[in-house]
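This report refers to the structure that appears directly beneath it.
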Amino acid sequence: MTPQELAAKTGEVIGVSDWFEVSQDRINKFAEATGDFQFIHIDEEKAKLTPFGGTIAHGFLTLSLIPVLGAMTEGARVDGIKMGVNYGGNKTRFISPVRAGKRVRAHTKLLELVEKRPGQWQQTNEITIEIEGEDKPALICEWITLFFV
C-alpha cells in the first residue's frame, strides 16, 4: 500500500504479531548484554520467594522485543520502503511483569503518519504487548519510526 493508504488507517489496529516465548535463556542473555543481574531476573530459586513466584523479564527486554514482534506481524505495510529506523518512544508504561516462559504478542495501532519531507515518513504507533493468558498487558507505549520510500 502507499503511505497515503496507510495514513487513512489512523486510529485502527493495523497488525497483531504471532506469539513469542520469553525464555529464561533469553532473560539471562539480556542480563549479560546489559549488566543488569538483579536476582529477580536470573536467580530462579531466590525469585520463587517473591510475589512473582519466579523470574521475570527485564522491562527493557520486553520493550526491546518490539522490532522482532513487528517483523512477525501480518498487517498493513507500505510497499517500497528503502529503509526504516527507530526514532523513539513516548509514554512507555510497564504494566505487568513477564514471567520466564510466558509468551507475548504485540498489537499495533496507528496513531499518526506524516510526511516529514519528500519520501521521508514518521509513523507513530501505539504498541500494546499482551501476555498470553493474563488480563493486563506487559506494556503500552507509543513507538515512533522513520521510513524512507
Handout entry: Minimum heavy-atom distance between F37 and A31, given as atom pair plus value
Key = CZ-O, 3.5 Å
Problem - Minimum heavy-atom distance between T10 and A7, given as atom pair plus value - result: OG1-O, 2.7 Å
Fill in the blank from the handout: From the list V149, L146, V114, side-chain contact (heavy atoms from CB on, under 4.5 Å) with W121 holds only for V149
Exercise for the section: Could you check if a side-chain atom of T2 sits within less than 4.5 angstrom of a side-chain atom of V78, using non-hydrogen atoms only? Expected result: no
Practice task
Kindly write out the residues that satisfy side chain to side chain donor-acceptor pair (under 3.5 Å) with R93, not counting sequence neighbours, or none if the list is empty.
Solution key: none
Handout entry: Basic-acidic side-chain contact under 4.0 Å: R105, E130
Key = yes
Exercise for the section: Might you point out which heavy atoms bring H41 and I27 nearest each other, and give the distance in Å? Expected result: O-CG2, 3.3 Å
Exercise for the section: Answer whether the closest heavy-atom distance between the side chains of F148 and I81 falls below 4.5 Å. Expected result: no
Practice task
State, with a plain yes or no, whether a side-chain heavy atom of I131 is found less than 4.5 Å away from one of S96.
Solution key: yes
Practice task
Write down the atom of R77, the atom of M1, and the distance for their closest heavy-atom approach.
Solution key: O-CG, 3.2 Å
Handout entry: Heavy-atom neighbours of D135 CG exceed 12 at 6.0 Å
Key = no
Problem - Residues Q123, L110; criterion side-chain contact (heavy atoms from CB on, under 4.5 Å); working and verdict - result: CA-CA 8 Å; Q123 181 174 345; L110 179 62; 3.7 Å; yes
Handout entry: Greater than 12 external heavy atoms within 6.0 Å of R99's CZ
Key = yes
Completion exercise
Tested for side-chain hydrogen bond (donor to acceptor under 3.5 Å, both in side chains) against T55, the lone hit among Q24, E44, K48 is Q24
Practice task
Report the C-alpha separation of Y87 and T145 in whole Å, then their side-chain angles, then the decisive distance to 0.1 Å, and conclude whether the side-chain contact (heavy atoms from CB on, under 4.5 Å) test is met.
Solution key: CA-CA 5 Å; Y87 187 67; T145 56; 5.7 Å; no
Exercise for the section: Search all heavy atoms of E21 against all heavy atoms of R103 and return the closest pair with its distance. Expected result: CA-CG, 4.0 Å
Completion exercise
So ring pair (Phe, Tyr, Trp, His ring centres under 6.0 Å) across residues 90-115, not counting sequence neighbours, yields F60-F94
Problem - K46 to F39 six-membered ring, cation-pi geometry met (6.0 Å, 45°) - result: yes
Practice task
Among L65, I140, I66, find the residue that satisfies the side-chain contact (heavy atoms from CB on, under 4.5 Å) test when tested with I127.
Solution key: I66
Practice task
Say whether, by atom type as modelled, one donor and one acceptor occur between the side chain of T50 and the main chain of F52 under 3.5 angstrom.
Solution key: yes
Handout entry: Chi angles and distances behind the side-chain contact (heavy atoms from CB on, under 4.5 Å) call for W143, L63
Key = CA-CA 10 Å; W143 191 255; L63 182 67; 4.1 Å; yes
Exercise for the section: Show your reasoning for whether side-chain contact (heavy atoms from CB on, under 4.5 Å) applies to E134 and K102. Expected result: CA-CA 10 Å; E134 299 198 14; K102 282 291 208 166; 3.1 Å; yes
